[in-house]
Amino acid sequence: MKKKNQQALLARKIAIFERALENNPTSVPLLIGHMELCGEVWEEDKLLKRWKDVVFKHPNSPELWLAYIQFCQSHFSSFTVNSMSSLYSKCIYTPRAIQEGTLKSHRPHPRTPYSLLSIFYLYCSLMQQVGHSERGVACFQALIEFNLCTPPEVSREGTSHKEQLEFFETFWDSGVPRFGEAGAPGWNNWMQSTRGRKPLGTLGLVETAMCVKAP
């Protein structure tokens, strides 16, 4: 009887959230609260499908992306390192595309830069937890080099993000010590001393880190 009462109360709460969402469908607190309640009664496949639909309709909401990440990381039956890496990439690229104006369907959220840093930190923490600590450290090194050691000729107005990546990829693949390592020259000093350039190669870790531009 106690279990039935709890289920009835939960169903009533879900119904209240659904009625509230009918009147305010863009409310992020209501969306997250509804998903948390549904997580107690829905099957995982149905819940995952609903989460994908929510972030698809509200791709400019940092809070929803963070809640979606937490949901996916807490369901171990479908958890893999590769799938989570792909999810983190999507959670970083989509808000950034909205912020840059390449994705024009939604307006950027004012806290997007700070949220991207939070998502980036969670990704690096996950890499450490699953035994890929070197990758997590490298992401932080790339983020610092790109934001704090950028050569003036690369950061000048008119240089596209893709062009900046091309220059940075050359430095990153040069084999010189990186930020925090003994003898690290820094991207700017290395650029001034070598002036080396090469075509853009396959982007992976570097591109992920560079999408997180410090606010």
Side-chain angles (χ1 to χ4, degrees), residues 59-62 65-66 68-69 81-82 84-104 106 108-215:
N60 60 336
S61 172
W65 282 114
L66 286 169
Y68 181 38
I69 287 174
V81 175
N82 289 336
M84 287 307 304
S85 294
S86 298
L87 174 60
Y88 272 100
S89 295
K90 185 176 182 180
C91 292
I92 290 175
Y93 294 155
T94 305
R96 181 172 178 84
I98 295 174
Q99 185 182 28
E100 291 181 337
T102 54
L103 185 59
K104 302 181 183 299
H106 293 76
H109 192 281
R111 290 193 57 81
T112 294
Y114 300 94
S115 300
L116 288 176
L117 284 173
S118 298
I119 294 173
F120 177 80
Y121 174 76
L122 289 175
Y123 172 72
C124 293
S125 299
L126 176 65
M127 290 298 100
Q128 181 183 25
Q129 294 169 12
V130 298
H132 295 280
S133 56
E134 291 184 359
R135 184 178 180 89
V137 170
C139 282
F140 272 113
Q141 289 175 315
L143 182 70
I144 294 171
E145 290 277 9
F146 190 81
N147 283 280
L148 302 182
C149 305
T150 310
E153 61 267 36
V154 176
S155 60
R156 67 178 182 270
E157 186 177 356
T159 304
S160 67
H161 184 69
K162 181 179 180 181
E163 290 173 329
Q164 292 177 352
L165 280 175
E166 291 177 0
F167 286 114
F168 189 81
E169 186 82 4
T170 305
F171 161 72
W172 193 255
D173 290 340
S174 66
V176 300
R178 300 164 181 173
F179 182 88
E181 299 174 353
W187 182 20
N188 180 31
N189 292 333
W190 178 87
M191 191 83 168
Q192 302 305 323
S193 63
T194 64
R195 297 291 180 178
R197 301 183 183 182
K198 69 178 182 179
L200 179 66
T202 302
L203 296 180
L205 178 149
V206 171
E207 187 178 31
T208 300
M210 293 313 96
C211 280
V212 185
K213 191 70 173 177

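Sequence positions, counted from 1, serve as the residue numbers for this chain. Basis for what follows: all heavy atoms, side chains included, without hydrogens, waters or symmetry-related copies.
Looking at K104, its side chain does come within 3.5 Å of a backbone N or O of G101 through a donor-acceptor pair. Between the side chain of R178 and the main chain of W172, a donor-acceptor pair closer than 3.5 Å is present. The main-chain N or O of W190 is found under 3.5 Å from a side-chain atom of S193 such that the two form a donor-acceptor pair.
To the nearest 0.5 Å, the span separating CH2 on W187 from CG on N147 amounts to 9.5 Å. To the nearest 0.5 Å, atom CE of residue M191 and atom OG of residue S174 are 11.5 Å apart. With values rounded to the nearest 0.5 angstrom, F171 atom CZ is found 10.5 Å from T150 atom OG1. In this structure, CG in L116 is found 6.5 Å from CD1 in I92, a value given to the nearest 0.5 Å. S61 contributes atom OG, which lies 8.5 Å from atom CG of L66 (distance to the nearest 0.5 angstrom). Rounding to the nearest 0.5 Å gives a distance of 12.0 Å between SG of C139 and NE2 of H132.
Considering only residues two or more places apart in sequence or on other chains, N188 meets the side-chain hydrogen bond (donor to acceptor under 3.5 Å, both in side chains) condition with Q192. For F179, there are no ring pair (Phe, Tyr, Trp, His ring centres under 6.0 Å) partners, not counting sequence neighbours.
Shortest non-hydrogen contact noted between T94 and P59 is CG2-CB, 3.7 Å. Shown here for P185 and P177, the closest heavy-atom pair between the two residues is CD-O, 3.4 Å. Across all their heavy atoms, I69 and M84 have their closest contact at O-CE, 4.3 Å.
For the pair R96 and T112, the minimum side-chain heavy-atom distance is 4.5 Å or more. Counting only heavy atoms from C-beta outward, the side chains of V154 and F168 never approach each other to under 4.5 Å. Residues P95 and H109 have side chains not in contact (no heavy-atom distance under 4.5 Å, counting atoms from C-beta outward). L117 is listed as a side-chain neighbour of L143, based on a closest heavy-atom distance under 4.5 Å.
The residue from Y88, F140, F146, W65 that alone fulfils the ring pair (Phe, Tyr, Trp, His ring centres under 6.0 Å) condition with F120 is F140.
For E163, the CD atom counts as densely surrounded, since its 6.0 Å shell holds more than 12 non-hydrogen atoms of other residues, nucleotides or ligands.
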